[in-house]
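Reviewing the structure listed below.
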Protein chains: 2
Amino acid sequence: MNKVTIMDIAKAAGVSKSTVSRVLSRPDMVNSKTRNRVLELMKQMDYIPNQLAQGLAGTPTRNIGVVIDELSNFFFIEIAEGVDWVLNTQNYSMQLSSSRWVEEREFLLVRSLISSRVDGILLAPVLPESPTIRLLKHAGIPFVLMNCIPEDEEISYVSCDNVKGGELAAHYINSLEKEQTILITGFEHQSMGDRVDGFYNCVDHSKGDIKRYRGVKTFEDGYDLVPILLSRDEIERKKSVLFITNDNVALGVMEHLVALSIPIPEQVSVVGYDNIRLSSLCRIPLTTVSQSIRDMGRIAAMELLDLMASPDSKPKRHLLAPEFVVRSSSV
Amino acid sequence: MNKVTIMDIAKAAGVSKSTVSRVLSRPDMVNSKTRNRVLELMKQMDYIPNQLAQGLAGTPTRNIGVVIDELSNFFFIEIAEGVDWVLNTQNYSMQLSSSRWVEEREFLLVRSLISSRVDGILLAPVLPESPTIRLLKHAGIPFVLMNCIPEDEEISYVSCDNVKGGELAAHYINSLEKEQTILITGFEHQSMGDRVDGFYNCVDHSKGDIKRYRGVKTFEDGYDLVPILLSRDEIERKKSVLFITNDNVALGVMEHLVALSIPIPEQVSVVGYDNIRLSSLCRIPLTTVSQSIRDMGRIAAMELLDLMASPDSKPKRHLLAPEFVVRSSSV
DNA sequence: CTGTTAGCGCTTTCAT
DNA sequence: ATGAAAGCGCTAACAG
């Protein structure tokens, strides 16, 4: 390992280690001649400051911890990109990791981030209320939640208006010709709950009951649901509308429908939620509720930096408006 | 911030801080009674060890730095997933960041990782030979390169056999009916060079010159190239085969072709490279050269852990075999 | 402007 | 089994 320390270069330069330390932290406090000599030596000797030591001694680490729910999900990746973008312009590094939707993992990750003294944390929580969030508050570290609306009014967050999004979907679906409407939901996440609430608020219940399938979480789950839809709901003969609260799953469903040559949208209309990038590129471009995902990351990052700068500023609470995007998967 | 230190809990427990430290690092060396008391106190007082201090004092950080070229690219995300998977089972954390294909950023990121004393580094380098790699060697930190074949024989890597992949594509394309073949390449990355070499090795040159477009790097670039292909190469009337050395770009090209109602594969056949997940889900499933991307991450991570355990073991050098996948974008 | 000194929180001999 | 003390590399008063 790199064993060069400020002490080594101090000796080489014939100065004290304080001086060397100063050229690192307050260069202007050092005589330009010695400063240059020291800098030169640093370069020559391949000196790399030990961030652990700096951190221990009190310097902010300029590291921001980011915890998302899934890595292989464009939704979260786009958030991370937004975050990364902002952080970089401000010379912060991002430390990205995934909870994989498991609370305990989330807790451990956050704990580890605190333990490694990141200057702030961005979290897309599994639940809006959890030990993780209590930990964050208790630790007194600046943090902003993403894709989640916490009950605690003191907590900063950036989320999308999922109730509104559900309503948009309902209005659109009300306007469609159909014999049945089927709702398909996945992870029991707050955002999903809100979407469903908004949907039920506005959907036209007079057109018969709305069937619901729960726990359909992944692309594969969606794919596997299709045979059930066929046998239980006869979607191949009754003109059906599927509202699937997650694009990723919707893609899986469509994939299987296409494989079985069931015409979309003539026989089955599909409406998703999220507007991930894939939704416009997939086999049959997907009608969906769009969230400006990247903005979510960007705003969250900016607010976090703000929070770090002025810790007692009021909590930042952002609710981004969704938009409805009609594509060819529905009619 | 969390101000509870071992000293605090030592006082509370009426023992010395050494003892507390021991229950952290060598629990078995402590009387089980005191140990339990201390552990209980830690829980009660919400104690979180300071990883910086631990690291400074010599304990490995159990952090692995991972640097990829792009975040919003399933190719690299899948690598990261593979890595994450392995690391987690071994109780290591991953610190993920993106160089965005810029060498300087890559260098800075690696430097910062070393500076924060990660135990090892996984890097998908921009170039097979660079200051970054020299830095890594010099620092003496265990590392494995991904998606790259370094010239230096002492360096461990996991990559795919891109020459072979190019050859596979050429053989397939030789078998296709066509009036012209067009090669489209992007980032001047080693892997791309190898693909092209393999391709030229095997492609049938007797069927006329092969035109080449360079510097087509992103989905958008691919999209924008289509009008040029139309005007310069008249692909709408001459039956054409496009070999695009990157699926992401191929998707962009296809998107625009579809928008212009140019029939794929009847009029234009498209062959990509990478077999990212999208390639099987996109509007017209893409014929492509498949790399077992996730394996690459998994193997790299495993070899890194191995390297960390026995630092003087021989360099690990893996070349994964590609596979050719025919889908509906070509005929 | 520069050197001296005392920590930051934890691990680790070395005694006891 | 436990405590005392030194030290990891760096920063931050405090003197000069």
Side-chain angles (χ1 to χ4, degrees), chain A residues 1-39 41-42 45-63 111-112 114-119 139 141, chain B residues 1-39 41-42 45-63 111-112 114-119 139 141:
Chain A
M1 284 299 293
N2 180 64
K3 301 254 58 169
V4 187
T5 73
I6 44 171
M7 199 55 217
D8 297 322
I9 98 107
K11 276 182 198 150
V15 297
S16 77
K17 60 179 193 152
S18 325
T19 303
V20 178
S21 169
R22 279 190 197 101
V23 353
L24 252 29
S25 33
R26 291 165 168 39
D28 37 307
M29 278 184 64
V30 175
N31 180 302
S32 67
K33 255 177 122 164
T34 38
R35 186 194 331 142
N36 287 136
R37 187 153 40 94
V38 168
L39 284 170
L41 249 5
M42 287 185 172
M45 304 174 69
D46 284 312
Y47 169 71
I48 301 182
N50 183 329
Q51 226 172 88
L52 300 185
Q54 298 186 139
L56 228 207
T59 309
T61 57
R62 297 199 81 79
N63 263 135
R111 196 171 187 281
S112 160
I114 294 176
S115 169
S116 60
R117 294 297 184 269
V118 293
D119 296 336
I141 188 175
Chain B
M1 283 300 291
N2 181 64
K3 302 255 60 175
V4 186
T5 75
I6 44 170
M7 198 55 217
D8 298 322
I9 96 109
K11 277 182 197 148
V15 297
S16 78
K17 60 182 193 149
S18 322
T19 302
V20 178
S21 170
R22 280 192 194 99
V23 353
L24 251 29
S25 35
R26 291 164 168 39
D28 37 307
M29 279 184 62
V30 174
N31 181 302
S32 66
K33 255 178 120 163
T34 38
R35 183 187 340 135
N36 287 135
R37 188 153 38 95
V38 168
L39 284 171
L41 249 7
M42 286 186 172
M45 303 174 67
D46 283 312
Y47 169 70
I48 301 182
N50 183 330
Q51 228 173 85
L52 300 185
Q54 299 187 136
L56 226 207
T59 309
T61 57
R62 295 199 83 77
N63 265 136
R111 194 170 188 283
S112 160
I114 295 176
S115 170
S116 61
R117 294 297 184 270
V118 293
D119 296 337
I141 188 174

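Both backbone and side-chain heavy atoms feed into the values below; hydrogens, waters and symmetry mates do not.
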Expressed as a whole number of angstroms, how long is the span from [X]:[atom1] to [N]:[atom2]?
| X | N | atom1 | atom2 | result |
| --- | --- | --- | --- | --- |
| Lys11(B) | dA4(D) | NZ | P | 13 Å |
| Met45(A) | dG9(D) | CE | C1' | 14 Å |
| Met7(B) | dG7(C) | CE | P | 13 Å |
| Gln51(B) | dG9(C) | CD | P | 15 Å |
| Arg22(A) | dG3(C) | CZ | P | 8 Å |
| Leu52(A) | dG7(C) | CG | P | 22 Å |
| Arg26(A) | dT11(D) | CZ | P | 10 Å |
| Ile6(A) | dT4(C) | CD1 | C1' | 13 Å |

Would you classify Thr59(A) as touching base, sugar-phosphate or nothing, given that sugar-phosphate means primed atoms plus P, OP1 and OP2, and contacts are heavy atoms under 4.0 Å? sugar-phosphate

Any base atoms under 4.0 Å from Val15(B), or only sugar-phosphate, or nothing? Heavy atoms, all strands.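 Result for Val15(B) = sugar-phosphate.
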
5'-most contact on DNA chain D: Asn50(A) or Arg35(B), nearest heavy atom basis? Arg35(B)

Comparing Ala53(B) and Thr34(B) on DNA chain D - which has the more 5′ nearest nucleotide: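 Taking each residue's closest nucleotide, the earlier one in sequence belongs to Thr34(B).
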
Test side chain to side chain contact (heavy atoms under 4.5 Å, CB included) applied to Met42(A) and Asp8(A), Val4(A), Ile9(A), the passing residue: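 Exactly one option meets the side chain to side chain contact (heavy atoms under 4.5 Å, CB included) with Met42(A), and it is Ile9(A).
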
Are any of [X]'s side-chain N or O atoms less than 4.0 Å away from OP1 or OP2 of [N]?
| X | N | answer |
| --- | --- | --- |
| Gln54(B) | dT11(C) | yes |
| Ser18(A) | dA12(D) | no |
| Ser16(B) | dG3(D) | yes |
| Thr19(A) | dG3(C) | yes |

Go through Thr34(A) and Val23(A) one step at a time and tell me if the side chain to side chain contact (heavy atoms under 4.5 Å, CB included) criterion holds. CA-CA 9 Å; Thr34(A) 38; Val23(A) 353; over 6 Å; no

If I take atom OG from residue Ser115(A) and atom CG from residue Leu52(B), how far apart are they, to the nearest 0.5 angstrom? 7.5 Å

Taking the side chain of Leu56(A) as heavy atoms from C-beta outward, which of dT2(C), dG9(C), dC10(C) is closest to it?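 Nearest nucleotide to the side chain: dG9(C).
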
Take Thr5(B) and Lys17(B), measure what side chain to side chain contact (heavy atoms under 4.5 Å, CB included) needs, and give me the verdict at the end. CA-CA 9 Å; Thr5(B) 75; Lys17(B) 60 182 193 149; over 6 Å; no

Five-pair end axes of the helix from dC1(C)-dG16(D) to dT16(C)-dA1(D), angle between them (10°): 40°

Distance-only donor-acceptor test, Ser25(A) side-chain atoms vs dA12(D) base atoms, 3.5 Å: no

Given the structure, check if the side chain of Arg117(B) and the base of dG9(D) hold any donor-acceptor pair shorter than 3.5 Å.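 Between dG9(D) and Arg117(B), which were checked side chain against base, a qualifying N/O pair under 3.5 Å is absent.
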
Using modelled atom types and a 3.5 Å cut-off, is there a donor and acceptor pairing between side-chain atoms of Thr61(B) and backbone atoms of Gly55(B)?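 Between the backbone of Gly55(B) and the side chain of Thr61(B) there is no qualifying donor-acceptor contact (under 3.5 Å).
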
Does Arg111(B) reach the main-chain N or O of Ile48(A) with its side chain, forming a donor-acceptor pair under 3.5 Å?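 Side chain of Arg111(B) to backbone of Ile48(A), a donor-acceptor pair under 3.5 Å: no, none is there.
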
Taking it one step at a time, do Tyr47(B) and Leu41(B) satisfy side chain to side chain contact (heavy atoms under 4.5 Å, CB included)? CA-CA 8 Å; Tyr47(B) 169 70; Leu41(B) 249 7; over 6 Å; no

Could you walk me through whether Leu24(B) and Ile6(B) pass side chain to side chain contact (heavy atoms under 4.5 Å, CB included), step by step? CA-CA 10 Å; Leu24(B) 251 29; Ile6(B) 44 170; 4.2 Å; yes

